[in-house]
Amino acid sequence: MSEKSKSISAKKQSTNDERLKKVSNLKVLLNRPELGALGGSILVFIFFGIVAGDTGMFSAYGALNFLDVSANLGIIAIAAAMLMIGGEFDLSIGSMIGFAGICIAIPAIYWGWPLWMSILFAFAMAVLVGYFNGILVVRTGLPSFIVTLAMLFILRGATLAITRLITGRTQVPGLRVLIEDDPIAWLFATDTFKWLFTWLGSMKLIELRTDGTPLATGIPPSVIWFVALTIFATWILMKTRYGNWIFASGGDKVGATNVGVPVGRVKISLFIGTACAATLFACIQVLDAGSADTMRGTLKELEAIAAAVVGGCLLTGGYGSAIGAAFGALIFGTVSMGIFYTDVDTDWFKVFLGAMMLIAVVFNNYIRRKVTESK
Amino acid sequence: MKTLKNFILAIAAWAFMSVSALATDVIVVSHGQANDPFWSVAKNGVDSACKDMGISCKYTAPGTFDMVEMAKLIDNAVSQKPKGIVITLPDAAALGKSVKAAIAAGIPVISMNSGSDDYASLGISAHVGQTEFEAGVGGGQKMKAAGGKKALCVNHEVGNVALDRRCAGFKKGFGGSVDILGTSNDPTEIQKAVAAKLGGGYDTILTLGAGLSGEAALKALEAAGKVGKVKLGTFDMSPNMLKAAAAGKVEFLIDQQQYLQGYLPIAIFAQYMRWGTMPAGVVMTGPGFVTPDNASKVIKWAAQGYR
Amino acid sequence: MSENLIEFNGISKFFGKVIALKDVTMKVKKGEIMCLLGDNGAGKSTLIKTLSGVHKPDEGEIIVEGQKIIFDSPKDALDIGIATVYQDLALVPLMSVTRNFFMGREPQKGIPFFKTFDIKKANEIAADRMGQIGIDVRDPSQAVGTMSGGERQCLAISRAIYFGAKVLILDEPTSALGVHQASVVLKYIVKAASQGLAVILITHNVHHAYPVGNSFTVLNRGKSLGTYSKKDLSREKLLSMMAGGEELDKLEVELKEMDRISKN
């Protein structure tokens with residue numbers, strides 16, 4: 001063995017011994033960005049389990065309800081998280097939800113288009129809007145905060161103006177009947193695992209209606225999409241070259257460009273991602289409610305960003321995870337619905353939500369400092 | 001790690017002690033947030049009724065005017081298996097599925113404030129509120145009794161079904177000639193539009209929103225020196241219009257008395273829980289007329305949050 | 001002159017009326033460590049930015065391996081083999097050693113459209129290359145933020161070399177480091193040069209530059225004060241050239257005067 005490698009292995013031995021004292025397994029696990037959010041979720045469930053355990057919150061019907069809220073938020077939170085990791089924000093997500101909604105509804109109801117065509121049209125518009133956001137940010141170098149804030153207003157205004165111009169009102173109802181025969185719509189509107197709930201109902205394991213059928217009929221489409229999107233986003237971030245580029249673009253834009261990462265292309269694609277996620281959200285909502293409304297999605301971008309941050313994403317970019325954002329959305333959805341099961345006056349709702357966010361973020365920050373400490 | 005553990009234990013202890021959850025008797029799901037002065041009064045009605053009736057209630061509302069979120073809250077309420085659910089029904093199409101699920105689960109539902117046209121088709125037991133057309137009729141009749149012959153109905157959102165109905169009802173109750181003035185919802189524009197019409201020989205003006213068009217029309221009248229010569233009435237209430245009524249400048253304000261919209265459904269459910277009684281149809285909480293005679297009392301009560 | 005790997009002949013750069021560089025000439029051979037010295041504001045930054053393709057020279061030419069080259073962007077310089085390690089290192093502290101090492105040039109495996117980042121292979125290579133420098137990376141998936149400044153500097157250099165740098169330009173690599181860490185980095189620089197790279201080391205610290213440098217170019221207010229090889233130059237002479245030697249001498253005389261007056 002050469003002198004050098006002998007000294008390395010000797011050094012390794014001694015440092016290993018020191019290290020074993022300091023680093024417990026728990027700490028190693030906590031180094032992952034999503035573990036903070038997982039811990040937060042468990043905390044929230046324990047809290048509501050104690051406080052609202054027998055109120056029906058965790059009955060099949062009640063649980064599916066807050067899972068549906070979480071899943072819908074999760075869809076946009078994951079996209080927002082990926083964009084945040086890439087170093088940018090999209091404040092226009094909420095307005096895009098409203099815009100996408102009328103892109104689906106107006107052609108279908110007023111122009112006689114088949115529903116599947118309207119849905120594809122909405123996604124095409126999403127690509128355009130996302131591309132526009134991305135190009136603006138990349139070319140001008142302006143903070144995405146400002147650019148997408150402007151788009152928030154533009155899209156919301158356009159949604160209102162165009163809808164009233166064509167329809168004279170601010171809501172477009174009548175979509176429910178169109179879902180049945182449509183080749184695509186069922187993807188966004190079908191409950192799954194219905195057989196499971198029917199069986200559970202027949203075994204009297206879950207709540208029943210007065211006519212004997214179970215109250216909870218199936219898993220909402222949002223949950224399936226949410227899970228699929230989480231898996232997809234995690235695969236991209238962790239296992240692909242493109243994912244490494246996302247981290248690099250957010251971590252050090254200039255440095256990444258200098259080593260050959262196509263930062264501009266990455267960012268533009270991420271903006272297209274958030275716009276499409278908003279459209280997916282809108283699609284599910286519009287088909288569920290049977291109508292589009294110009295005010296849908298208001299403030300949702302803030303919730304998406306909050307869920308991403310609670311899930312461990314750094315506001316400054318370069319760090320975070322999709323699974324974390326998924327748990328962040330789960331926390332949000334559970335708390336939003338959970339407070340209505342307690343006797344706490346709902347006037348305190350926002351205080352509650354804000355406090356929870358603060359705790360989660362402080363916790364995550366503590367974890368992250370451990371990661372970047374120089375040893 | 002130790003501080004973390006202590007932290008968790010502290011939260012759990014606080015949770016046990018401070019926050020309990022007993023089954024609620026009546027859950028109210030409204031589209032009106034409590035930070036809206038109008039709905040704050042309704043919520044006070046709910047809270048008073050609960051106390052008076054000796055039952056437990058909850059008032060819930062989505063953070064923004066979002067029908068999808070509201071439907072979720074109705075589902076949320078259903079999972080708690082209350083004795084009754086009270087809702088507002090601003091969009092029967094969007095909320096219908098959840099309302100029907102509630103009724104299918106065996107929970108009776110009463111609607112309030114909005115939805116007087118649609119409530120019955122969803123299986124809702126009764127509706128508590130002010131129907132727009134009838135309120136308009138009441139206003140028209142009152143103006144007719146005050147001697148009005150030629151009226152202007154200022155509609156700041158033509159196409160909004162509720163508002164259109166108000167003018168239509170007013171026309172029926174008034175009997176004389178009624179012209180509809182459509183405007184935007186910009187107060188300055190409304191004021192100018194009304195001022196432009198003042199040369200047309202109108203002796204009566206009805207506006208559909210106190211704070212917005214009512215105050216704008218009043219300003220137009222004051223600028224033209226026509227207060228008192230042209231009778232002004234308005235739907236709904238605002239602090240400035242109330243003061244003007246107390247000063248005799250406004251003929252009446254049409255108060256839908258949202259306090260009752262919050263109070264009565266709770267009272268109804270309390271009796272239903274005891275004796276199975278339920279009114280049939282619409283229980284009208286308006287039009288309640290606030291005139292120069294009772295305006296000062298109403299101002300006092302409004303300051304306390306009951307009108 | 002093709003024994004020179006890279007030559008900058010008569011380079012000038014103007015920013016409006018400001019003369020950042022005037023007629024600077026510098027030649028570096030394979031395996032040579034050229035130290036580019038000068039006080040703050042001397043023009044070192046501008047010179048390396050011109051060398052690495054960020055700026056285009058207004059006068060003069062750049063010759064690489066005997067061929068005249070014009071860079072349109074930093075990517076062009078990188079493609080030819082001129083790698084610049086700036087002070088911020090282009091490392092993301094929150095990302096792992098491996099991810100930083102292969103940033104922008106990640107190895108892939110798998111079928112088209114479903115290609116994945118071959119992290120396993122990347123981890124092996126990164127750990128191996130760092131081990132060659134003498135840095136034992138315990139876990140290549142640990143964040144770069146957990147490494148010391150000197151280790152990070154070596155990572156950046158190792159990355160540049162792995163991806164085929166022929167000319168290595170280092171901008172103040174030791175200025176933020178303690179003595180021990182600086183020596184680790186300097187040792188690595190010497191090793192890199194011995195493997196055939198031409199190294200241009202920019203620094204204002206003579207005590208770091210003198211031991212490792214083969215040749216020294218001193219810049220003062222945009223002009224070159226000449227290139228000297230080590231055997232023609234003593235450390236003191238170098239120091240005085242950098243700091244403006246006559247001014248220091250004058251200062252010393254004045255201080256002696258003041259001392260004498262106060263004693264009387």
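Letters A, B, ... are given to chains in the order of the sequence lines, protein chains preceding strands, and every chain is numbered from 1.
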(message) Please find the pair of heavy atoms, one from K72(B) and one from N65(A), that lie closest to each other, and give the distance.
(response) O-ND2, 2.9 Å
(request) Provide the closest heavy-atom pair for T210(A) versus G106(B) in the form atom of the first, atom of the second, distance. (result) CG2-CA, 3.6 Å
(request) Hey, could you give me the OG1/OH distance between T24(B) and Y341(A), rounded to the nearest 0.5 Å? (result) 11.0 Å
(request) Nearest 0.5 Å please: distance from the CG atom of D75(B) over to the CG atom of L215(A). (result) 8.5 Å
(message) Report which part of L299(A) has an atom under 4.5 Å of a heavy atom belonging to chain B: side chain, backbone, both, or neither.
(response) side chain
(request) May I ask you to list the residues in residues 86-102 of chain B that approach chain A closer than 4.5 angstrom, counting heavy atoms only, ordered by number? (result) D91(B), A93(B), A94(B), K97(B), A101(B)
(message) Taking side chain as everything from C-beta outward and backbone as N, CA, C, O, which of these in A61(B) sits under 4.5 Å from a heavy atom of chain A? Side chain, backbone, both or neither.
(response) backbone
(request) Below 4.5 Å from any heavy atom of chain A, which atoms of N76(B) appear? Answer side chain, backbone, both or neither. (result) both
(message) Is it the case that atom OH in Y306(B) sees more than 12 heavy atoms from other parts of the structure closer than 6.0 Å?
(response) no
(message) If I take atom OG from residue S79(B) and atom CZ from residue F340(A), how far apart are they, to the nearest 0.5 angstrom?
(response) 12.0 Å
(request) Give, as side chain, backbone, both or neither, the part of R296(A) having an atom under 4.5 angstrom from any heavy atom of chain B. (result) side chain
(message) Just verifying a value: how many Å separate E157(B) CD and R164(A) CZ, rounded to the nearest 0.5 Å?
(response) 5.5 Å
(message) What I'd like to find out is whether the side chain of Q80(B) reaches to under 4.5 Å of the side chain of M57(A), using heavy atoms alone.
(response) no
(request) Could you walk me through whether L73(B) and M337(A) pass side-chain contact (heavy atoms from CB on, under 4.5 Å), step by step? (result) CA-CA 8 Å; L73(B) 286 180; M337(A) 284 289 121; 3.7 Å; yes
(message) Would you compute the distance between atom OG1 of T342(A) and atom NZ of K58(B) and round it to the nearest 0.5 angstrom?
(response) 6.0 Å
(message) For the CZ atom on F197(A), are there more than 12 heavy atoms of other groups (residues, nucleotides or ligands in this structure) within a distance under 6.0 Å?
(response) yes
(message) So for atom CD, which belongs to E180(A), do other residues, nucleotides or ligands contribute more than 12 heavy atoms lying within a distance under 6.0 Å?
(response) no
